[in-house]
Structures are given as C-alpha cells and as structure tokens.
Number of protein chains: 2
Amino acid sequence: MQEQAELYQRRAEILKALAHPTRLWMVDQLAQGEVCVCQFVEAVGVDFSTISKHLAVLKRAGLVEDERRGKQVFYRLRVPCVTGFFRCVDQVLDHPAAAGTCAACTTAKEDCHELA
Amino acid sequence: MQEQAELYQRRAEILKALAHPTRLWMVDQLAQGEVCVCQFVEAVGVDFSTISKHLAVLKRAGLVEDERRGKQVFYRLRVPCVTGFFRCVDQVLDHPAAAGTCAACTTAKEDCHELA
DNA sequence: CCAATATTTGGCGATTTGGCCAAATAACGC
DNA sequence: GCGTTATTTGGCCAAATCGCCAAATATTGG
C-alpha cells in the first residue's frame with residue numbers, strides 16, 4: 001500500500017470533503033445547477049460563516065468552483081459524476097444486514113499469508 | 001434541508017467511513033474479494049489494532065461484513081457499487097481547474113432570494 | 001489446561017473538525 | 001466617501017478522529 005499511499009490520501013481528501021451532512025446536501029443542491037451562497041444560508045440553520053467554510057472545503061477538494069457576480073458568489077459542481085454517489089450510498093443504507101457464511105470458503109488451517 | 005437532515009446525516013456517515021486513506025485502500029482490496037485481517041496488517045504499516053478499528057468503522061457503516069473462520073476473520077464488501085466511487089473521485093482529481101464565467105449567467109441585480 | 005496465533009477493546013495524548021462570534025474584504029448605490 | 005448587503009477569514013472552544021500501547025477475548029493444537 002505504501003507506494004500508493006499518496007493516491008489514496010488524495011482520494012480520501014475528496015471523500016472527506018463530502019462526508020458532512022451539510023456539505024452533502026449542498027452538493028445535492030448544486031447537482032441541479034449553480035447556487036448562490038446566500039441561498040444556502042437561508043435554507044440551512046447554521047451561521048453564514050459556517051456555510052462559507054463548508055463551501056471552501058468543497059472548493060479546496062476540487063468538487064466545486066465559484067464565481068462572483070456582483071455582490072453574490074455562485075457555486076457550481078466541477079464534476080457532475082458526484083451525483084452518482086447518492087445512488088450507491090443509499091444502496092448501502094437500504095441493504096439488509098445479510099449474515100451468512102461464504103459457501104465456497106473453508107476454515108483456514110495455515111497461518112496468515114501475505115496479501116498479493 | 002431540516003426535514004431531510006437525518007437522511008443526509010446517515011449518508012454522510014457512510015462517506016465518512018470511506019474518507020480515510022487506509023480504509024479506502026482496504027475497500028479497494030475488498031473489491032477483488034474477501035480479505036483476512038492479518039493480510040491487511042502485513043500490507044499496511046500500522047498497528048494491527050488500528051487496522052481492526054478501521055475495519056470496525058467500515059462494518060459499522062454497513063460497507064463490509066465479517067466472518068470468522070478458525071483463528072482468522074475475513075471481511076468482504078456488502079455492496080459492490082462502492083467500487084464505482086474510485087472512478088468518479090479520480091475524475092475530480094484529474095479535472096483541470098477550469099476557471100471561466102458561466103455564459104448564460106448575468107450579474108444579480110436583486111437581493112438574495114430563497115432556495116426552492 | 002497452557003501456549004501460540006489472531007483479533008478486538010479500552011485508554012491515552014495529539015491532531016483535526018465544526019460551529020459560533022467578531023472583524024475584514026468586496027461590490028453596489030446614493 | 002458612506003452605508004448596506006454579501007462573503008471570507010481568524011480566533012476560540014467543544015467534540016470527534018487517529019494511532020499507539022496494553023489488556024482482554026477467541027480459536028486451535030499440543
């Protein structure tokens with residue numbers, strides 16, 4: 001894993017940016033088109049400075065880009081595919097806790113061996 | 001957003017579980033089939049107790065399930081679609097920092113209005 | 001039962017995150 | 001320039017996260 005550590009580090013950085021209820025909700029809103037910061041502020045029950053910081057996190061991760069137009073700043077998604085995350089995440093939520101034994105698997109008799 | 005807060009909370013929980021380099025790497029390994037804890041331990045340069053806790057996080061999020069066979073415990077993905085996350089995440093990484101103005105957008109002249 | 005292997009759990013310090021407040025910055029209209 | 005609106009930034013504190021160590025638990029084989 002060591003030689004790929006940086007890659008997974010950067011990937012994790014992106015997921016970390018998404019891993020917050022408010023930010024996730026904002027990304028969902030942005031999936032339908034750009035949104036002004038002030039619109040977010042009105043819809044969410046947190047301080048506007050908090051919203052701004054959340055958007056900064058998304059921007060820093062490369063998920064969104066911003067553009068100032070007049071007094072307002074608009075944000076939009078940089079990569080549309082993030083929308084697809086919801087589908088899979090919800091699948092995890094819906095998936096029943098399937099217990100059960102792997103049919104093709106036998107009990108290990110030897111000691112642990114390395115991962116390829 | 002308030003009425004959907006719980007949904008986004010649970011979704012974020014799942015993404016948070018993925019949002020760590022080591023855990024992300026482990027999920028990637030699990031995409032190719034079940035893996036024993038001891039195999040992870042040998043491949044990653046952290047304490048085995050740390051590995052165990054990372055796996056517990058993934059399990060708690062519903063992403064993986066475990067099964068003990070003899071002395072060893074094997075983990076496997078519960079939902080295959082998480083593999084698709086990598087494709088999109090990497091797209092975010094590769095996407096150039098496209099600056100530029102939204103063509104169809106004009107400067108706002110009114111004050112901020114609410115989000116639908 | 002005892003020793004060895006495999007894994008989980010509890011606890012501890014160090015770092016990061018999240019949210020609020022206050023202050024700074026930006027753009028606009030008068 | 002001044003006041004207003006919109007947004008970002010810095011500081012602060014509470015809470016969560018990460019990784020190590022030590023100890024507990026589980027399983028197997030003498």
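Chain identifiers are assigned alphabetically (A, B, ...) following the order of the sequence lines, protein sequences preceding nucleic acid strands; residue numbering begins at 1 within each chain. Given the structure is predicted, the values throughout are model-derived calculations rather than measurements.
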Margin query: Per the disulfide (SG to SG under 2.5 Å) rule, what does the pair list look like for residues 49-94 of chain B, sequence neighbours excluded?
Written below: Cys81(A)-Cys88(B), Cys88(A)-Cys81(B)
Margin query: Near DNA chain D, counting only heavy atoms under 4.0 Å, which residues of residues 48-58 of chain A show up?
Written below: Phe48(A), Ser49(A), Ser52(A), Lys53(A)
Note to self: Taking the basic N atoms (NZ, or NE/NH1/NH2) and the acidic carboxylate oxygens, is any pair closer than 4.0 Å for Arg76(A) and Glu67(A)?
What the structure shows: yes
Next item on the list: Check whether any side-chain N or O of Arg78(B) sits under 3.5 Å from a backbone N or O of Glu65(B) as a donor-acceptor pair, and report yes or no.
Entry: no
Item checked: Between dT7(C) (P) and Glu42(B) (CD): distance, integer Å -> 10 Å
Checklist line | Nucleotide nearest Val46(A) (side chain, heavy atoms from C-beta), chosen from dT7(D), dT28(D), dC20(C) | finding: dC20(C)
Note to self: So, does Arg68(A) get its side chain near the phosphate of dT8(D), meaning an N or O under 4.0 Å from OP1 or OP2?
What the structure shows: no
Next item on the list: Write down the distance between NZ (Lys71(B)) and P (dA4(C)), rounded to a whole number of angstrom.
Entry: 12 Å
Next item on the list: Rounded off to whole Å, could you give me the NZ-to-C1' distance for the Lys59(B) and dT8(C) pair?
Entry: 10 Å
Notebook entry, point to check: Are Arg69(B) and Phe74(B) in a cation-pi setup, meaning NZ or CZ lies under 6.0 angstrom from the ring centre and within 45 degrees of the ring axis?
Noted result: yes
Next item on the list: Give a yes/no answer on whether the side chain of Tyr75(A) brings an N or O atom under 4.0 Å of OP1 or OP2 in dT8(D).
Entry: yes
Note to self: Just the rounded figure in Å: distance from P of dA6(D) to CZ of Phe74(A).
What the structure shows: 11 Å
Item checked: Proximity to DNA chain D (any heavy atom under 4.0 Å), residues of residues 6-18 of chain B only -> Lys16(B)
Next item on the list: Only counting residues at least two apart or in another chain, list the ones meeting salt bridge (Lys or Arg N to Asp or Glu O under 4.0 Å) with Arg23(A).
Entry: none
Margin query: Going by the rule salt bridge (Lys or Arg N to Asp or Glu O under 4.0 Å), which residues pair with Asp47(B) if we only count those two or more places apart in sequence or in a different chain?
Written below: none
Notebook entry, point to check: Of all residues at least two apart in sequence or in a different chain, which pass the salt bridge (Lys or Arg N to Asp or Glu O under 4.0 Å) check with Lys53(B)?
Noted result: none
Margin query: Nearest whole Å is fine: how far is dC18(D) C1' from Met26(B) CE?
Written below: 13 Å
Item checked: Separation of atom CD in Glu67(A) from atom P in dA27(C), rounded to whole Å -> 13 Å
Item checked: Sidechain-backbone polar pair: Gln39(B) side chain, Cys36(B) backbone, donor-acceptor under 3.5 Å -> yes
Note to self: Starting the side chain at C-beta, find the nucleotide from dT7(C), dT8(D), dG18(C) nearest to His20(A).
What the structure shows: dG18(C)
Check: Mapping Arg23(B) and Asp47(A) to their closest nucleotides on DNA chain D, which lands nearer the 5' end?
Finding: Asp47(A)
Notebook entry, point to check: When the distance from CZ of Phe40(B) to P of dG19(D) is rounded to whole Å, what number comes out?
Noted result: 15 Å
Item checked: Atom pair distance, as rounded to whole Å: CZ in Arg60(B) and C1' in dT8(C) -> 15 Å
Notebook entry, point to check: Are the side chain of Arg10(A) and the backbone of Glu13(A) linked by a donor-acceptor contact shorter than 3.5 Å?
Noted result: no
